[in-house]
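The structure under discussion appears below in the form of structure tokens.
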Amino acid sequence: MDSIIFDLDGTIWDPIDTVLEAWNSRIRESDQIQKELTRTDLEGIMGLQMDEVGRILFPEADEDHQRRLIQECGDMEKDFLRDKGGLLFHNAERVVNQLSKKYKLFIVSNCQDGYIESFYAYHKLGNYFSDFENPGRTGLSKGENIQLIIDRNNLSHPVYVGDTEGDYKASRYAGVPFVYAAYGFGQVPQYDEVIDRFDDLLTLYGK
């Protein structure tokens, strides 16, 4: 193994409370949406691409309004996350610091362009990661973005760490072992390794 590629939401951090604040502040301005989102709403869409999120969260709105609202909510959440951050999991900085001394680290997340940069900006962890990718920048699926990271960085034997079935499917698409973050937001049908806390990665790979 020469590298570890991470999902972000539900794997390295829990951003939901900050994202919820950002999204509800925008939704209150919409003339087609007469509700506020809950934490449960957002937990249910973690790991999905943004067009899917719009259909699930705002079925009462027309497609153009869904697309525009998701875009505006996404722009607002990046600002909120840059200013307030999220909840890092289980000694996250110590873990990525330690792992980065032995492996190249990467992030591939289903998010909009600028989201990972907001994570880096608030939590100051960017120096530990060699590269990142997302569909907001490439228009590709998560599996394709994992493959892009592998090709772009000439990786030989990476693993992918994630918490949802979409992460599992993406790792299988890219042909890399899947490490299931069981403390995250989703359930998966299979995995190659499982961690119950983020810092369990040091037990697996830190020696």
Side-chain angles (χ1 to χ4, degrees), residues 5-87 89 107-123 132-149 160 162-174 181 184-189:
I5 308 172
F6 292 91
D7 172 53
L8 183 52
D9 297 342
T11 300
I12 299 177
W13 74 343
D14 176 350
I16 288 181
D17 289 342
T18 304
V19 171
L20 190 63
E21 183 182 355
W23 282 41
N24 280 331
S25 67
R26 172 61 190 87
I27 289 167
R28 293 185 197 107
E29 302 171 2
S30 171
D31 57 0
Q32 292 191 35
I33 309 299
Q34 306 300 320
K35 66 179 180 183
E36 289 209 346
L37 298 175
T38 67
R39 182 178 174 87
T40 301
D41 290 327
L42 293 190
E43 287 176 350
I45 53 88
M46 286 290 133
L48 300 180
Q49 293 209 25
M50 299 306 279
D51 57 343
E52 297 177 90
V53 171
R55 290 193 295 269
I56 292 170
L57 293 183
F58 310 123
E60 66 272 44
D62 62 67
E63 190 172 322
D64 286 343
H65 191 69
Q66 285 177 3
R67 189 180 301 109
R68 185 168 64 255
L69 188 57
I70 287 293
Q71 177 67 50
E72 292 171 356
C73 284
D75 290 342
M76 188 163 287
E77 85 179 14
K78 287 185 292 186
D79 293 338
F80 273 59
L81 288 169
R82 186 176 292 271
D83 292 340
K84 299 184 178 186
L87 175 66
F89 286 129
I107 293 176
V108 172
S109 178
N110 270 349
C111 59
Q112 68 274 33
D113 191 20
Y115 183 89
I116 296 171
E117 293 91 328
S118 292
F119 164 74
Y120 286 164
Y122 185 85
H123 292 288
F132 66 89
E133 204 49 89
N134 58 74
R137 206 160 66 163
T138 66
L140 301 175
S141 70
K142 180 171 279 187
E144 290 169 322
N145 281 325
I146 293 173
Q147 190 63 58
L148 184 61
I149 285 287
Y160 187 72
D163 67 307
T164 68
E165 186 171 357
D167 294 331
Y168 161 75
K169 290 178 178 178
S171 70
R172 290 298 183 254
Y173 174 92
F185 298 128
Q187 302 291 323
V188 303

With a 4.5 Å cut-off on side-chain heavy atoms, are [Y] and [X] touching?
| X | Y | answer |
| --- | --- | --- |
| Glu21 | Phe80 | yes |
| Phe58 | Val53 | no |
| Pro15 | Leu87 | no |
| Glu72 | Glu29 | no |
| Tyr120 | Phe132 | yes |
| Asp14 | Arg39 | yes |

Exercise. Please determine, by modelled atom types, if Asp62 and Gln66 share a side-chain donor-acceptor pair under 3.5 angstrom.
Key: no
Nearest-0.5 Å distance that lies between atom [atom1] in [X] and atom [atom2] in [Y]:
| X | Y | atom1 | atom2 | answer |
| --- | --- | --- | --- | --- |
| Asp9 | Asn110 | CG | CG | 9.5 Å |
| Ser171 | Ile146 | OG | CD1 | 6.5 Å |
| Glu117 | Leu81 | CD | CG | 12.0 Å |
| Asp113 | Arg137 | CG | CZ | 6.5 Å |
| Asn24 | Lys35 | CG | NZ | 10.0 Å |
| Ile16 | Glu43 | CD1 | CD | 4.5 Å |

Give a yes or no on whether the backbone of [Y] and the side-chain of [X] come within a donor-acceptor separation of less than 3.5 Å.
| X | Y | value |
| --- | --- | --- |
| Thr11 | Leu8 | no |
| Gln112 | Gly74 | yes |
| Tyr115 | Asp75 | no |
| Asp41 | Thr38 | yes |
| Glu144 | Ser141 | yes |
| Arg28 | Trp23 | no |
| Lys142 | Pro135 | no |
| Asn134 | Ser109 | no |
| Thr18 | Gly85 | yes |
| Asp167 | Thr164 | yes |

If you take all heavy atoms of [X] and [Y], which pair is closest and at what distance?
| X | Y | answer |
| --- | --- | --- |
| Phe185 | Asp163 | N-OD2, 2.7 Å |
| Lys78 | Gly114 | CD-C, 3.5 Å |
| Glu77 | Val19 | OE1-CG1, 3.1 Å |
| Ala174 | Gly143 | CB-O, 4.0 Å |
| Asn145 | Glu133 | OD1-CG, 3.5 Å |
| Asp7 | Gly162 | CB-CA, 3.8 Å |

Quiz item: Run the side chain to side chain contact (heavy atoms under 4.5 Å, CB included) check on Ile5 and Ile107 step by step: do they pass?
Solution: CA-CA 5 Å; Ile5 308 172; Ile107 293 176; over 6 Å; no
Self-check item: Qualifying residues under salt bridge (charged side-chain N to carboxylate O under 4.0 Å, His left out), relative to Arg67, sequence neighbours excluded
Solution: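 Salt bridge (charged side-chain N to carboxylate O under 4.0 Å, His left out) list for Arg67, sorted by chain: Glu63, Asp64.
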Self-check item: Test ring-ring contact (aromatic ring centres under 6.0 Å, His included) applied to Phe119 - qualifying residues, sequence neighbours left out
Solution: Trp13, His123
Exercise. Only counting residues at least two apart or in another chain, list the ones meeting ring-ring contact (aromatic ring centres under 6.0 Å, His included) with Phe89.
Key: Tyr183
